[in-house]
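Count residues from 1 along the sequence. Below, all heavy atoms of this structure are taken into account, side chains as well, without hydrogens, waters or symmetry copies. Both counts, for ligands and for their atoms, begin at 1 and track the order of listing. Nothing here was measured: the structure is a model prediction, and the numbers come from that model.
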Amino acid sequence: MLKKIHPTHTMAWEKLLRHYKEIKKVHLKDLFKDKKRFEKFSIEFEDILFDYSKNKINERTIELFIELADEMALEKAIASMFEGDRINETENRAVLHTALRSFKQKYVHTGSHELYKNIENVRNKMRSFSNDVRSGKWIGYSGKKITDVVNIGIGGSDLGPYMVCEALKHYADGPDLHFVSNVDGAHISETFKKLDPETTLFLIASKTFTTQETMTNAFTARDWFLKKAKDQKQVKKHFAALSTNTEKVVEFGIDKENIFEFWDFVGGRYSLWSAIGMSIAVSIGYERFEELLKGAEAADHHFRTADYKKNIPVIMGMLGVWYADFFGAECEMVLPYDQYLHRFPAFLQQLSMESNGKSVSRDGSKVNYRTGQILLGEPGTNGQHSFYQLIHQGTHLIPADFLCAKEPLNELADHHCKLQSNFLAQTEALMIGRTKDEVIEMLEKSNVPETEARKVYLHKVFKGDNPTNSIIYDKLTPYALGKLIALYEHKVFVQGVIWNIYSFDQWGVELGKELAGKILSELKDKKVEAPHDCSTEGLLKHLRKGGK
Ligand code: F6P
């Protein structure tokens, strides 16, 4: 089980507080007087280069964080996760998404033989199903080949597979993929416009098979299909389920043969490696899906075996804690200079914020320090023309991860060079900034009259001193993507251990779901179930007025 101590009660925390008071005064660019900084604070792991030298740290910072990790028993926590201990204590579950991608089967002990057998069986079933759909062996009720596959799911049953399908679009050579998540009827209606029931396959992706949004969309999809197919028996050829809840799937009317199982030890936001990844296998082929898993397996091995000083997720996690709890940063950004990764920040939002958005510690007491950060992000260079202004000159400290491929997947004139020059320029600008003297000199050189210069110069000063990480991978392959995702998963884990919180439950989503259920009947039946506050009451009345 995980250790239950407050990080703020450790010796290392005290030391870090004292160290922070010193280092916060040093501007980042002054830290670069040490010409060996890049060498000292960068890590190479296979084709990934992780440069964290542009952070407000020195060797002492890392040493102290290692002391903190030791006091918080990080090593034991990592072993507990990989070995299948029930570290998700509030749900009494193991956390074994890593077993789904463990081809070498190194780490799991408890009941591992059967567990691996089950995982392998589902993988084999996924392989043959996705092959059949892609090759045209699997045909629709009227004898036509499947041309479109719709994944209906939400949260982890959507964000992961959707992000991966977008990221690996370059390799997509299967049927067209669509993702429907929102209960807003606009989402499925607009998707239907592109589809023909005779050639469409629906994947109903839901761990619980009870999620309101997913089930509503699934029933709507079935009605839409039956309107043309007429015969209930044909559902078999057009609906498959990716779920842990066989009973509910059968109740819905999906054939048992078309159920792709996974297990309660796989959290929703960690489920793209399971049967939930079926849309990925259909889109890029099963072999490439396995490459994705193998990339993640390599990152798992790195996480388990690399020295903390050379361990990317450990360092990333520590830096996150450093800025959240010592510098008071509220937000962090992930900025991929890779258009294929345009859904990566959205995926990471659930991964990080649903995992570490907690305020009760593992011993049940309230935390008195900051946990989970707000994560935002958009692909570069687009973000530069939108919100970067606030990072450069606003009042917040916003640490940011910049990601970029060494080689492009599309060779087009000098696009990639321009993309990379922006990637490099932004991290440099955020670090060095531009001083008042430099601005004045610039204005003088451009012959701006002194009175005018005095008025504007402050607006042109850049404080700099903003920390960034740079992550470069050779090429966005399935293997590289698998590694990137898993590194971030482990970063989130490390932070949860240091923050002494449970990262694998999500009780915070329940209250809204419960109230929505009650309000739904009030909206539909026009009756009041519960006394509401006057705002909710007023809004409810307004929505009913003239509505159906
Ligand atoms: O509401 C949050 C959540 O439980 C997520 O954790 C999960 O990924 C999502 O809903 C979807 O759940 P399911 O796969 O069971 O439909």
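Here CZ of Phe344 is found 8.5 Å from CG of Leu351. Values are rounded to the nearest 0.5 Å. A distance of 9.0 Å separates CG in Asp264 from CG in Asn92, rounded to the nearest 0.5 Å.
The shortest N or O to N or O distance between Gly156 and ligand 1 is under 3.5 Å. Polar contact check, Thr211 against ligand 1: a nitrogen or oxygen pair lies under 3.5 Å apart.
Scanning all protein heavy atoms for the shortest distance to atom 9 (C) of ligand 1 gives Ile154 O, 3.7 Å. Looking only at heavy atoms of the protein, atom 3 (C) of ligand 1 is closest to Glu354 OE2, 4.2 Å.
Residue contacts with ligand 1 include Lys513, since one or more of its heavy atoms lies under 4.0 Å from the ligand.
Contacts of Thr208 with ligand 1, taken as heavy-atom pairs under 4.0 Å, involve both backbone and side chain. By the criterion of a heavy-atom distance under 4.0 Å, the side chain of Gln506, and not its backbone, is placed next to ligand 1.
Salt bridge absent: Lys237 and Asp255 never bring a charged side-chain N and a carboxylate O closer than 4.0 Å. With salt bridges taken as basic N to acidic carboxylate O contacts below 4.0 Å, one links Arg269 and Glu354. Ion pairing between a basic and an acidic side chain is recognised when a charged N comes within 4.0 Å of a carboxylate O; Glu120 and Arg123 show no such pairing.
Within the listing of ligand 1, atoms 1 (O), 2 (C) sit less than 4.0 angstrom from a heavy atom of Val509.
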Stepwise side-chain hydrogen bond (donor to acceptor under 3.5 Å, both in side chains) test for Glu198 and His238: CA-CA 8 Å; Glu198 289 181 51; His238 293 262; over 6 Å; no
